[in-house]
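Okay, structure first, notes after.
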Amino acid sequence: MTRKDLIRDKLAAALQPTLVEVEDDSARHAGHMGHPGHGPDGKRGGETHFNVRIVAPAFAGKSRVERQRLVYFILDAELKNSVHALALECKAPGE
């Protein structure tokens, strides 16, 4: 399972979103953490930078910061060990 799939699956399980899209944006960050050397999991670079777009009822009534903190909590292990950057777009249905 790729890190992209893991991120998508963890967010889907925790938030039951109506939409979750995860894009591996690592290739655009060559020269940054994870490139061109080996990543923390022994893989050659990549799978370190992601864009996430998620729409979930759990975000209703929460501020942008609260929404991002919730995602960070869910992905805590990945952020501590393998994900260098995570760009988030978190919305409630209807936004």
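What you see is a predicted model; the values in this text were computed from it and never measured.
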Please lay out, stage by stage, how Glu95 and Arg64 fare under the test salt bridge (Lys or Arg N to Asp or Glu O under 4.0 Å). CA-CA 12 Å; Glu95 293 183 336; Arg64 181 178 59 84; over 6 Å; no
I'd like to check the side chain to side chain donor-acceptor pair (under 3.5 Å) partners of Glu23; sequence neighbours left out, ordered by chain and number. Asn51
Quick check: is [Y] connected to [X] through a chain of hydrophobic side chains (ILVMFWY, heavy atoms under 4.5 Å apart)?
X     : Y     : result
Val20 : Leu15 : yes
Ile74 : Phe59 : yes
Val83 : Leu88 : yes
Tyr72 : Leu6  : no

Can you measure from [atom1] ([X]) to [atom2] ([Y]) and round to the nearest 0.5 angstrom?
X     : Y     : atom1 : atom2 : answer
Leu79 : Phe73 : CG    : CZ    : 12.5 Å
Cys90 : Arg69 : SG    : CZ    : 13.0 Å
Asp24 : His49 : CG    : NE2   : 10.0 Å
Leu70 : Glu66 : CG    : CD    : 9.5 Å
Asn81 : Asp76 : CG    : CG    : 8.5 Å
Arg67 : Ile54 : CZ    : CD1   : 11.0 Å

Taking it one step at a time, do Met1 and Asp9 satisfy side-chain contact (heavy atoms from CB on, under 4.5 Å)? CA-CA 10 Å; Met1 174 180 286; Asp9 291 353; 3.2 Å; yes
Considering residues, nucleotides and ligands other than Lys10, do more than 12 of their heavy atoms fall under 6.0 Å from its NZ? yes
A side-chain contact here means heavy atoms from C-beta on lying under 4.5 Å apart; do Leu86 and Leu75 qualify? yes
Do Ser82 and Glu47 touch side chain to side chain, with heavy atoms closer than 4.5 Å? no
Is there a donor-acceptor pair under 3.5 Å between the side chain of [X] and the backbone N or O of [Y]?
X     : Y     : result
Thr48 : Ser26 : no
Arg8  : Val22 : no
Arg53 : Glu89 : no

Yes or no on side-chain contact (heavy atoms from CB on, under 4.5 Å) for Val52 and Val71, after CA distance, side-chain angles and deciding distance? CA-CA 10 Å; Val52 175; Val71 171; 5.6 Å; no
